[in-house]
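Order of appearance sets the numbers: ligands from 1, and atoms from 1 within every ligand.
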Amino acid sequence: MESSSGPVKVIIVGAGFAGLTAAIECQRKGHSVTVFEKIKDIKPLGDIISFGQNSSRMFKKWPGVVEKLLPIIHTSQAVNFFDSRGNYITTQSFAEEEEKWGMRINGHRGEIHKILLDYAKSVGIEIRLGHNVTGYFEDEACGGIEVDGERITADVVLSAEGVRAPGRRIVLGSDDLPRPSGYAVYRAWFPSTELINNPLTKHLVGGDTHSGWIGEDVHFLAAAIKNGAEISWVCTHKDDSDIEESWQFPGKVDEVLKVLEGWDPVVQELVKATPPDRLFDYKLVFRDPLPTFISPKRRIVLIGDAAHPFLPTSIQGASQAMEDGAVIAACLDISGRYRVTDAVRVYEKIRYDRVHRIQATGVTTREQWHKADWSAIRNDPTLLHLKRDQWVLDFDAEEDTYNSYAKIASSL
Ligand SMILES: Cc1cc2nc3c(=O)[nH]c(=O)nc-3n(C[C@H](O)[C@H](O)[C@H](O)COP(=O)(O)OP(=O)(O)OC[C@H]3O[C@@H](n4cnc5c(N)ncnc54)[C@H](O)[C@@H]3O)c2cc1C
Ligand SMILES: *[C@@H]1O[C@H](CO)[C@@H](O)[C@H](O)[C@H]1NC(C)=O
Ligand SMILES: CC(=O)N[C@H]1CO[C@H](CO)[C@@H](O)[C@@H]1O
């Protein structure tokens, strides 16, 4: 059958979690892949990032990767919740769901990313670092990119450029502007040496711990990692200032302390112990759901944050980026070279509703905490627990694609 002849030629722009997952899965299915990443010298940037059960099950499909992750990931299976004054409210355990649905992976974004990048290289994927893609084009027969003054074509181009994503322009025909969400997050990650010597914070770093403090329109989460040797915290608060989508926007300890006036001294001590160069101020922006993830001639496809940025409170941004990569690779496997444009439509159909339903949970979780009804919580402390939806977490994106492709393709 002509549809199965020869590997599908795939260009991927961006080596974040979406791009790398797509690359690894495409290679695993025998497609021919080249990745272009604008950063030349990838540094372990960022701080805490979370992968839900059904993206961690993707890591498991890649031999040796989980073994490398185990020593660096967060291991506590429960989170303790407090009110802003430090009164203990409730503990949410993840043990039962991990038993049923598989492990979660939480750790340092840069460290996890490096393990994935090294794995991708080790299986022979061509990753061209330091190549900034400056344009996209397509016709009926192929998609292409402009890079270093050259034009390179393939059967399909996956644009995985992250939240700023210039590639969106060709899909949308215009620029879409981010909107401020009204919130920002202070984020930090640092060694816990000072915390261990402070009687107020010592208990946070005696091993891996996970704690959340919920206040009026502010929440603060802290996770100790590597048996307590390092700690990360995030504080989401109201902020109406200018939009900034960079991960490297310096924050100030004094400003954080102002947001946390009157809060639990444990939290204040934790903030005071934060080295200034390890504190970042990240403004959260919204983007309206895009009308489509695919270009007019269906040769260019948006995946990951480029298609659908998530609020951190959804705790699914990285997982959904990985699911995108797994689904597009599987669709291309089923379609073969000559039906790439069908594969691309099925990909969009499979992903569109799921990512937008999950995206919306970012707002519901924030509101559940920031507008908490404390008298109801005193009666039922589990109202503070994170919602853990089976349809989100107990899901194998690859398997689902093989099961549903034929039906979806025939309905298009
Ligand atoms: C440096 C950095 C640090 C981050 N830290 C955190 C964190 O601590 N916690 C968290 O939850 N999330 C973090 N994120 C975001 C998180 O990685 C994403 O939200 C999520 O994993 C989805 O991944 P993605 O692959 O869609 O996008 P991203 O991870 O943003 O990856 C996009 C990649 O595309 C590359 N790229 C963009 N444009 C071009 C171009 N024109 N040509 C070539 N390459 C291009 C970028 O350099 C980047 O490597 C960070 C992202 C970055 C880039
Ligand atoms: C990549 O190219 C864009 C123009 O398309 C330019 O604005 C940007 O500064 C370049 N980035 C790097 C890292 O070269
Ligand atoms: C739908 C699906 O594949 N669910 C799986 C999610 O992960 C758990 C644990 O690995 C499996 O047991 C489920 O079958």
Side-chain angles (χ1 to χ4, degrees), residues 11-24 34-52 55 58 74 105-114 116-117 120 127-136 145-150 152 157-170 175 185-189 221 223 225 232-234 236 245-249 278-282 284-285 287 293 300-326 328 351 355 358-359 362:
I11 286 174
I12 298 176
V13 182
F17 288 103
L20 285 180
T21 302
I24 294 166
T34 312
V35 182
F36 293 86
E37 164 60 53
K38 70 177 174 191
I39 297 171
K40 191 167 179 186
D41 175 21
I42 294 191
K43 299 204 180 69
L45 294 178
D47 47 71
I48 192 86
I49 197 163
S50 304
F51 297 87
S55 60
M58 264 176 243
H74 180 75
I105 290 177
N106 298 305
H108 193 287
R109 190 237 181 227
E111 293 173 2
I112 298 177
H113 184 255
K114 179 164 191 317
L116 221 58
L117 184 66
I127 301 177
R128 300 203 198 157
L129 297 177
H131 295 277
N132 187 15
V133 171
T134 49
Y136 290 82
I145 56 168
E146 287 159 14
V147 61
D148 310 322
E150 239 188 293
I152 305 176
V157 176
L158 308 182
S159 171
E161 295 174 315
V163 72
R164 291 174 202 247
R168 267 196 294 254
R169 209 171 302 140
I170 189 154
D175 282 322
V185 190
Y186 292 116
R187 323 177 53 103
W189 183 299
L221 302 170
I225 209 159
S232 94
W233 62 257
V234 292
T236 301
E245 288 180 290
S246 159
W247 281 93
Q248 294 293 339
F249 194 67
R278 294 301 190 98
L279 177 62
F280 296 99
D281 181 2
Y282 174 57
L284 294 177
V285 299
R287 284 179 188 274
F293 299 160
I300 297 162
V301 182
L302 302 178
I303 64 173
D305 279 1
H308 44 69
F310 275 72
L311 292 174
T313 34
S314 65
I315 327 185
Q316 273 284 319
S319 300
Q320 292 309 309
M322 289 185 71
E323 284 192 9
D324 284 353
I328 187 69
R351 298 303 295 154
V355 294
I358 299 173
Q359 216 175 16

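Side-chain contact between Val13 and Tyr136 is present, with heavy atoms from C-beta onward closer than 4.5 Å. In this structure the side chain of Asp324 never reaches within 4.5 angstrom of the side chain of Leu158, judged on heavy atoms. Between Ile11 and Val133, every side-chain heavy-atom pair lies at or beyond the 4.5 Å cut-off. Between Ile225 and Trp189, the closest side-chain pair of non-hydrogen atoms falls below 4.5 Å. Taking 4.5 Å as the limit, every side-chain heavy atom of Arg128 sits out of range of all side-chain heavy atoms of Val147. When side chains are defined from C-beta on, Leu279 counts as touching Trp233, because their heavy atoms get closer than 4.5 Å. Contact check for Ile42 versus Lys114: no side-chain heavy atoms found under the 4.5 Å cut-off.
The Gly304 neighbourhood of ligand 1 comprises atoms 26 (O), with distances under 4.0 Å to a heavy atom of that residue. In the vicinity of Ile39, heavy-atom distances shorter than 4.0 Å reach the ligand 1 atoms 47 (O). For ligand 1, the atoms sitting less than 4.0 Å from at least one non-hydrogen atom of Phe36 are 43 (C), 44 (N), numbered in the order shown with element in parentheses. Listed by number with element, the atoms of ligand 1 under 4.0 Å from a non-hydrogen atom of Ala160 are 32 (C), 33 (C), 34 (O). For ligand 1, the atoms closer than 4.0 angstrom to any heavy atom of Gly46 are 5 (N), 8 (O). Ligand-side atoms of ligand 1 in range of Ala18: 24 (P), 25 (O), 26 (O), range being under 4.0 angstrom from any heavy atom. Each of the following atoms of ligand 1 lies closer than 4.0 Å to a heavy atom of Leu45: 1 (C). For ligand 1, the atoms closer than 4.0 angstrom to any heavy atom of Gly16 are 25 (O), 29 (O), 31 (O), 33 (C).
For atom 26 (O) of ligand 1, the choice among Ile12, Asp305, Asp324 with the nearest heavy atom turns out to be Asp305. Relative to atom 35 (C) of ligand 1, the option among His108, Lys38, Glu161, Glu37 with the closest non-hydrogen atom is Glu37.
At least one heavy atom of His131 lies less than 4.0 angstrom from ligand 1. Ligand 1 lies nowhere less than 4.0 angstrom from a heavy atom belonging to Pro312. Within the 4.0 Å heavy-atom shell around ligand 1 one does not find Gln320.
Below 3.5 Å of separation, one finds an N or O of Ile48 facing an N or O of ligand 1. Remark: ligand 1 and Val163 share no N or O pair separated by less than 3.5 Å (distance only, no angle test).
Protein non-hydrogen atoms do not reach within 4.0 Å of atom 9 (O) of ligand 2.
A donor-acceptor pair under 3.5 Å links the side-chain atoms of Thr134 to the main chain of Glu146, judged by distance alone. Judged by distance alone, the side chain of Arg351 and the main-chain N or O of Gln320 form a donor-acceptor pair under 3.5 Å. In terms of modelled atom types and a separation under 3.5 Å, the side chain of Asp47 and the main chain of Ala188 share no donor-acceptor contact. Distance alone, capped at 3.5 Å, is enough to place a donor-acceptor pair between the His113 side chain and the Ala15 backbone.
Regarding atom 12 (C) of ligand 2, its nearest protein heavy-atom neighbour is Asn132 ND2, 3.1 Å. In terms of protein heavy-atom proximity, atom 4 (C) of ligand 2 is closest to Thr134 CG2, 4.3 Å.
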